[in-house]
A.B. asks: 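What follows is a structure written as structure tokens; I'll ask about it next.
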Amino acid sequence: MNRSELQQFIFQEIANIAPEIEPDMVDIDEDLREELDIDSMDFMILTVALGKRLGISIPDTDHHLLNSINNLLNYLDNKLQE
Amino acid sequence: MPSFGADMDSGLLQEWLVKQGDPVSKGDIVAVIETHKGAIDMEVFQSGTVRALLVEPGTRVKVGMPIADIDDGASAPASGASASEPAPQHTSDKTAVSTPALQRSQDRVKASPLARRLAENAAIPLQDLQGSGPDGAIIAVDVNAAIAGSDPGAAVPKPPDRSAMRQAIDAAMTRSNREIPHYYLATTIDLQAASQWLAAFNLEQEPDQQLLITVLLHKAVAVALRDNPEFNGFYIENHFQPSPDIHLATAISLRGGGLITPAIRYADQLTLPEMMDKMRDLTLRVRRGGLRSSEMSDAGITVSGMGERGVETVFGVIYPPQVAIIGLGKPELRPWVIDNTVQARLLVNISLAADHRVSDGRQGAKLLRSINKLLQQPECL
């Protein structure tokens, strides 16, 4: 899976917790929770949904690595190549 | 039209999910009501047969006005019970019933709360729109596209400058500060034991079974209320009615402002994983729609946790007719003295704003001490 497909997946799952978000308006290098205005419960829902969809495990001990959409992309990309 | 909270004075009947002649059981979802808190699934409060639907979709109805006649088998047809709670002044004619066919809609229109608000403001029926959100849900951009014409590219976001939700919060909070003599207490609680227990618990779990620390805090509040009933209930007509059950309203913020406080029902009886599921479920339904009327009306206390992006201390405003609100600060590593040495510990500041007509500071301090004690034994939660 290439990065743009992965990014599409991420925005599809973001749409479940933040239906009003328009992908074009999001800065993928900014703090993810601030940028999407989501709380820790939303974030948990997002990571669980992505993990299930991609067949990988994203434990809460890794959550600090996922502080921007870009870093989330890198993390998922690495996990998928493991 | 039932009330889904003290700050609601009317609701817009969006859609009937039953038709004349349908049998209904108490708790069935019979209608979708658009309120300042978004679209709420209305549960019927008695069992019986729908004798007549009195209000057409698209009509705004005052709280207390009947919207349907339910034949419960006991009352005579002429004085049939209404599907709304007490109907003080039902003098309106029932011509609305003669509408040809109120179709049963098997699939309610899925739409985000913002989209519903925008569509109502622009008087665009949601049924006429194509949704581009998850599961075909209608989202703001679809409504804006319809407002701007057919070209989504021409969509202009048009947020209402002073939404119905803002006005409702205004009314409830103004009433609160005018009528309720608040007193405020706060205490700092050491969360080290709770967070260590949580880390060990989560290590053993699949990601979708992991818990958040806020779940432990909510559970501790719920259990502590068992021995402190003067903080859980309603102040109505100059006296306090304790709530027989512990239903915690949990404040969930909306993007772009406003908040919704659905209830975690029987919160003290839920296991931690059950409470996590419930909070996850409520968060999703606040975002996507599908909150039920019973979740909107019967909580005896509110917990406002601003989470990891929050502040050190929350100074709450009581949501009438409740008599207390618990504020959860942001858990942070801070210096703390243990055995005469300074250590870095995960601390949280928990506050209480309570109604002085019902309780005093001593009782409030006891409630906060109970919460603290429970959080020192997380394995017992």
Side-chain angles (χ1 to χ4, degrees), chain A residues 7-28 30-69 71-72 75-76 78-80 82, chain B residues 110-115 117-118 131-135 137-144 152 155 157 159 198-199 201-215 250-257 276 278-284 286-289 305-310 330-331:
Chain A
Q7 185 162 340
Q8 241 180 6
F9 271 20
I10 292 174
F11 277 108
Q12 281 164 10
E13 293 302 336
I14 287 173
N16 277 324
I17 50 163
E20 272 84 40
I21 296 281
E22 292 175 37
D24 298 349
M25 306 297 284
V26 176
D27 185 335
I28 63 169
E30 278 296 318
D31 182 274
L32 189 149
R33 295 184 205 197
E34 291 291 340
E35 193 64 13
L36 302 180
D37 193 14
I38 59 174
D39 62 21
S40 46
M41 185 63 78
D42 293 309
F43 185 74
M44 189 88 153
I45 292 169
L46 175 64
T47 55
V48 166
L50 282 169
K52 280 197 171 153
R53 186 149 174 195
L54 299 169
I56 58 178
S57 171
I58 309 174
D60 63 344
T61 43
D62 283 351
H63 283 183
H64 65 284
L65 302 171
L66 316 175
N67 51 5
S68 70
I69 292 185
N71 287 342
L72 176 59
Y75 175 89
L76 296 177
N78 287 336
K79 273 264 180 179
L80 286 170
E82 271 172 17
Chain B
K110 284 198 170 181
S112 72
L114 179 62
R117 218 154 55 218
L118 292 171
S132 64
D135 298 331
I138 295 162
I139 57 176
V141 66
D142 302 322
V143 183
N144 286 325
L198 182 70
F201 178 88
N202 280 350
L203 206 58
E204 304 286 311
Q205 306 294 319
E206 291 297 317
D208 62 347
Q209 301 295 319
Q210 290 180 335
L211 307 177
L212 292 168
I213 191 98
T214 188
V215 172
T250 176
I252 299 176
S253 302
L254 295 181
R255 261 172 310 282
M276 177 73 190
K278 190 71 211 169
M279 291 178 75
R280 188 190 342 248
D281 170 49
L282 288 174
T283 303
L284 274 170
V286 161
R287 307 282 186 242
R288 296 195 299 211
M306 296 181 63
E308 290 162 29
R309 295 199 297 137
K330 170 181 172 179

A.B. asks: Sort B:Arg280 into side chain, backbone, both or neither according to what part of it lies under 4.5 angstrom from a heavy atom of chain A.
C.D. replies: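 Both backbone and side chain.
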A.B. asks: By a 4.5 Å heavy-atom criterion (distance strictly below it), what part of A:Leu36 contacts chain B: side chain, backbone, both, or neither?
C.D. replies: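 Only the backbone of A:Leu36 comes within 4.5 Å of chain B.
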A.B. asks: Tell me which of these, B:Met279, B:Glu206, B:Met306, has more heavy-atom pairs under 4.5 Å with chain A than the rest.
C.D. replies: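 Maximum pair count with chain A is reached by B:Met279.
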A.B. asks: Please list, chain by chain and in numerical order, all residues satisfying ring pair (Phe, Tyr, Trp, His ring centres under 6.0 Å) with B:Phe201, sequence neighbours excluded.
C.D. replies: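 B:Trp197.
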A.B. asks: Could you tell me if the side chain of A:Ile14 sits less than 4.5 Å from the side chain of A:Val26, heavy atoms only?
C.D. replies: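 A:Val26 vs A:Ile14: side chains apart.
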A.B. asks: Roughly how far, to the nearest 0.5 Å, is CG of B:Asp281 from CE of B:Met276?
C.D. replies: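 So the gap between those two atoms works out to 11.5 Å.
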A.B. asks: Less than 4.5 Å to any heavy atom of chain A: does that hold for the side chain of B:Asn202, its backbone, both, or neither?
C.D. replies: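 Contact with chain A is through the side chain of B:Asn202 alone.
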A.B. asks: Less than 4.5 Å to any heavy atom of chain A: does that hold for the side chain of B:Leu198, its backbone, both, or neither?
C.D. replies: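 Looking at B:Leu198, nothing touches chain A.
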A.B. asks: For B:Leu284 and B:Arg287: C-alpha separation, side-chain torsions, deciding distance, then whether side chain to side chain contact (heavy atoms under 4.5 Å, CB included) applies.
C.D. replies: CA-CA 5 Å; B:Leu284 274 170; B:Arg287 307 282 186 242; 5.6 Å; no
A.B. asks: Quick one: list whatever passes ring pair (Phe, Tyr, Trp, His ring centres under 6.0 Å) with A:Phe9, sequence neighbours left out.
C.D. replies: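 Partners of A:Phe9 under the ring pair (Phe, Tyr, Trp, His ring centres under 6.0 Å) test: none.
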A.B. asks: Among residues 39-49 of chain A, which residues come closer than 4.5 Å to chain B, judged by heavy atom distances?
C.D. replies: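 Within residues 39-49 of chain A, the residues that come under 4.5 Å of chain B (heavy atoms only) are A:Asp39, A:Ser40, A:Met41, A:Asp42, A:Met44, A:Ile45, A:Val48.
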A.B. asks: Which residue pairs pass the salt bridge (Lys or Arg N to Asp or Glu O under 4.0 Å) test with at least one member in residues 7-19 of chain A, sequence neighbours excluded?
C.D. replies: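 Sorted pair list: A:Glu13-A:Arg53.
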A.B. asks: Take A:Ile58 and A:Leu66 through the side chain to side chain contact (heavy atoms under 4.5 Å, CB included) test and state the conclusion after the steps.
C.D. replies: CA-CA 10 Å; A:Ile58 309 174; A:Leu66 316 175; 3.8 Å; yes
A.B. asks: Can you confirm whether more than 12 heavy atoms, excluding those of A:Lys79, are under 6.0 Å from its NZ atom?
C.D. replies: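 Yes, because the 6.0 Å sphere around NZ of A:Lys79 holds more than 12 heavy atoms from other groups.
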